[in-house]
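Numbers restart at 1 for each chain; the letters A, B, ... are given by sequence-line order, proteins then strands. Predicted model only: the values in this text are computed from it and were never measured.
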2 protein chains.
Amino acid sequence: MENDLLKKLGTRIREKRKTLGWTQEDLASTAQIDRSYIGSVERGERNLTFTVLCQICTALDCEVAELTVGILELPQ
Amino acid sequence: MENDLLKKLGTRIREKRKTLGWTQEDLASTAQIDRSYIGSVERGERNLTFTVLCQICTALDCEVAELTVGILELPQ
DNA sequence: CTGTGACTGCTAGTCCGTG
DNA sequence: CCACGGACTAGCAGTCACA
């Protein structure tokens, strides 16, 4: 797929997860999503939907906005 | 589908679009998305993907974070 | 503990049209 | 200008086995 935005988002999700000291399995079970799916999201391989993003953020106890600030390169 | 999160998001997109004085068609062509799809997103009927959300935000010249702040009801 | 490939059902997203 | 429909294709959600 090769999408920079998805890679950025995935990296941020991973970092947030690690600050909690969680494994992918921990996050997966809390968010009620398959572990391997979480993995592919973190690697930026999946173009996830808004509801899934919300599930992950809720599990991480963090705002969607927190993971998305400055993710776009808007024209000055 | 009946998803409150999608309705909230759709409403915010609509409001942002109107502040620019744009029609759905204006936004659709700028974001390169189908016009009828924009309509259903604004009505909260569609579970859009992250890339499409980014396309819309870019077209609206606004951060993803701006449309998503406080959209989740996180446990205090 | 995580990366990866493969798979199926369903839905995201397009394109046409109507009132 | 927008809501809403039908029909269609591309692609996502969700799962598993195995490394």
ask   = To the nearest Å, how far apart are Arg43(A) CZ and dG5(C) C1'?
value = 11 Å
Min side-chain heavy-atom separation Phe50(A)-Leu5(B) under 4.5 Å = yes
request  = Would you confirm whether Gln24(B), through its side chain, and Ser36(B), through its main-chain N or O, come within 3.5 Å as a donor-acceptor pair?
outcome  = no
task = With heavy atoms under 4.0 Å as the rule, sort Ile33(A) into base, sugar-phosphate or nothing.
result = nothing
key: Interatomic distance where CD belongs to Glu45(A) and C1' belongs to dA6(C) [whole Å]   = 13 Å
message = Rounded to whole Å, please give me the gap between CZ in Arg35(A) and P in dA17(D).
response = 12 Å
note = Atom CG of Asn47(B) and atom P of dA10(D) are separated, to the nearest Å, by 21 Å
ask   = Within the structure shown, what part of the strands sits under 4.0 Å from Ser40(B) by heavy-atom distance: base, sugar-phosphate, or nothing?
value = nothing
task = Take the protein atom CG of Asp34(A) and the nucleotide atom P of dA17(D), then report the distance between them rounded to whole Å.
result = 11 Å
Euclidean distance, atom CG of residue Leu53(B) to atom P of dC12(D) [Å, nearest integer] = 15 Å
message = Let's test your reading of the model: under 3.5 Å, does the base of dC2(D) pair with the side chain of Ser36(B) as donor and acceptor?
response = no
message = Output the rounded distance in Å from CD1 (Ile38(A)) to P (dT2(C)).
response = 11 Å
request  = Identify, residue by residue, the members of residues 17-27 of chain B with a heavy atom below 4.0 Å from DNA chain D, and return them in order of residue number, or none.
outcome  = Arg17(B), Thr23(B), Gln24(B)
key: Separation of dT11(C) C1' from Leu48(B) CG (nearest whole Å)   = 13 Å
note = Ranking Thr49(B) and Arg14(B) by the position along DNA chain D of their nearest nucleotide, the one closer to 5' is Arg14(B)
key: Results of side chain to side chain contact (heavy atoms under 4.5 Å, CB included) for Ser29(B) - residues two or more places apart only   = none
ask   = Linking I/L/V/M/F/W/Y whenever their side-chain heavy atoms sit closer than 4.5 Å, directly or via other members, would Leu6(A) and Val69(A) fall into one cluster?
value = no
note = Which of dG14(D), dG3(C), dT14(C) is nearest the side chain of Tyr37(A)? It is dG14(D)
ask   = Under a 4.0 Å N-O cut-off, is there an ion pair linking Lys16(A) with Glu66(A)?
value = yes
message = Could you work out how much the helix from dT2(C)-dA19(D) to dG19(C)-dC2(D) bends, comparing the axis of its first five pairs with that of its last five, to 10°?
response = 50°
ask   = Side chain of Arg46(A), base of dA13(D): donor and acceptor closer than 3.5 Å?
value = yes
query = side chain to side chain contact (heavy atoms under 4.5 Å, CB included) between Leu60(B) and Thr30(B): does it pass, once the steps are laid out?
reply = CA-CA 9 Å; Leu60(B) 290 173; Thr30(B) 310; over 6 Å; no
key: Heavy-atom side-chain contact between Glu63(B) and Thr68(A) under 4.5 Å   = no
message = Can you tell whether the side chains of Glu42(B) and Arg17(B) come within less than 4.0 Å, N to carboxylate O?
response = yes
query = Taking C-beta and beyond as the side chain, do Asn3(A) and Asn47(A) meet within less than 4.5 Å on heavy atoms?
reply = no
